Every structure is written in structure tokens, then in C-alpha cells.
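To keep things clear, I will list the structure first and then write my remarks on it.
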Amino acid sequence: MSLMLFAGIPVSDHATAVAWYERFFGRPASFQATDTESVWELAENRWVYVVENPHNAGHSMQTILVDDLDGIVAEITERGIRPEKRETYDNGARKAIYRDPDGNEIGYGYAPQSG
């Protein structure tokens, strides 16, 4: 079975969100689905999109797992965005939490591989 992910983030203003997420991801959107919806492909068949939806803006929570958390955080910091919070869990997992202009939480995390 092939898995795909299309994760949405409601925002109050599309243009403001696109500017922030371009800095966050370090590149323009992969495509603009509509006048108020832009999409970034993070990996094959795995997308994150922002969509103008003021009523629901600020309520999203996303975590993207990566192998090199420190490298990703350093790249985002170079683009002028710093994590709001960092967490370390008992099992060695770590997470850097960011908030977009609407307060949506988007984070990068690292989960140690067991075995």
C-alpha cells in the first residue's frame, strides 16, 4: 500500500503565510493550488499546504520528523526564524517548535531509531 500525506494549515491571510513558510522551508511553494492555497512538497507524496481560512487559523499542529534536527534548526535560524521552544523526551526524542504568524504550531523532530 502506498501512503501519501497532504497536511493542511489554516491561515488568516494567504500572502502573509506564504511569505513566512517560504522562509521556514527555505524555498517557494511547490505549487499554488488556488488563489488562497499554496503547497510545499517535503518528500515524495508528502505535502504541507497553507489555505486561507480565517475561522480556523491558528489551530494546526504539525511535526515533521528528520534525521538531522540540529542541521534543520540551524538552516531555519539562518533565515531569521527561531524555535519558540525545544523539547527533549526521556527516550532521546527531540523537537523544535515554531509558530507561524497565526500561532499554528509546526515543528521538526528527531526520533532515535531503536534496534
Side-chain angles (χ1 to χ4, degrees):
M1 173 172 60
S2 177
L3 294 177
M4 290 189 245
L5 175 67
F6 204 70
I9 301 171
V11 297
S12 61
D13 181 77
H14 179 256
T16 299
V18 167
W20 190 88
Y21 280 94
E22 284 179 344
R23 283 186 29 228
F24 183 73
F25 289 125
R27 59 190 165 81
S30 302
F31 64 94
Q32 189 167 339
T34 70
D35 289 344
T36 60
E37 182 178 341
S38 294
V39 182
W40 285 261
E41 185 174 22
L42 303 183
E44 186 177 3
N45 296 322
R46 291 161 184 90
W47 299 273
V48 170
Y49 68 97
V50 297
V51 60
E52 192 167 307
N53 182 340
H55 179 72
N56 291 312
H59 299 286
S60 176
M61 296 173 61
Q62 315 285 340
T63 301
I64 303 160
L65 297 179
V66 294
D67 292 334
D68 182 10
L69 178 61
D70 295 329
I72 292 286
V73 170
E75 289 174 14
I76 296 169
T77 299
E78 286 177 13
R79 295 190 293 269
I81 301 173
R82 297 191 180 280
E84 178 182 279
K85 183 177 174 184
R86 291 179 186 239
E87 297 176 341
T88 301
Y89 305 97
D90 291 339
N91 65 354
R94 298 179 299 130
K95 184 176 179 182
I97 299 169
Y98 299 85
R99 295 215 182 264
D100 74 8
D102 286 306
N104 291 302
E105 178 182 305
I106 185 161
Y108 277 102
Y110 167 79
Q113 304 296 313
S114 58

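Note that this is a predicted model, so its numbers are computed, not measured.
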Out of curiosity, Lys95 NZ to Ile64 CD1, how far, rounded to the nearest 0.5 Å?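 Answer rounded to 0.5 Å: 10.5 Å.
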
Could you pull out all donor-acceptor pairs under 3.5 Å where a side-chain atom in residues 24-33 meets a protein atom, sequence neighbours excluded?
residue	atom	partner	partner atom	Å
Arg27	NH2	Glu41	O	2.6
Ser30	OG	Glu41	N	2.8
Gln32	NE2	Thr34	O	3.0
Gln32	NE2	Asp35	O	3.4

Group every Ile, Leu, Val, Met, Phe, Trp and Tyr by side-chain heavy-atom contacts under 4.5 Å, then state whether [X] and [Y] land in the same group.
{"X": "Tyr49", "Y": "Tyr98", "answer": "no"}
{"X": "Tyr21", "Y": "Leu42", "answer": "yes"}
{"X": "Ile81", "Y": "Trp40", "answer": "yes"}
{"X": "Ile72", "Y": "Tyr89", "answer": "no"}
{"X": "Tyr110", "Y": "Val73", "answer": "yes"}

Does atom CG (Asp67) have a neighbourhood of more than 12 heavy atoms from anything else shown, all under 6.0 Å?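 Count not over threshold, so no.
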
For Tyr108, run the side-chain contact (heavy atoms from CB on, under 4.5 Å) check against Thr63, Ile76, Leu65 and tell me which one passes.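 That would be Ile76.
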
What residue among Lys85, Arg99, His59, Glu84 forms side-chain contact (heavy atoms from CB on, under 4.5 Å) with Glu105?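 Testing each of Lys85, Arg99, His59, Glu84 against Glu105, the sole residue satisfying side-chain contact (heavy atoms from CB on, under 4.5 Å) is Arg99.
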
Could you pull out the closest heavy-atom pair between Asn45 and Leu3, with the gap in Å?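 Result for this residue pair: CB-O, 3.9 Å.
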
Thr36 vs Asn53, test: side-chain contact (heavy atoms from CB on, under 4.5 Å). Steps then yes/no. CA-CA 9 Å; Thr36 60; Asn53 182 340; over 6 Å; no

Pair Trp20, Asn104 - check side-chain contact (heavy atoms from CB on, under 4.5 Å), show working. CA-CA 12 Å; Trp20 190 88; Asn104 291 302; over 6 Å; no

Side-chain (Asp102) to main-chain (Ser12) donor-acceptor, under 3.5 angstrom: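 Present.
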
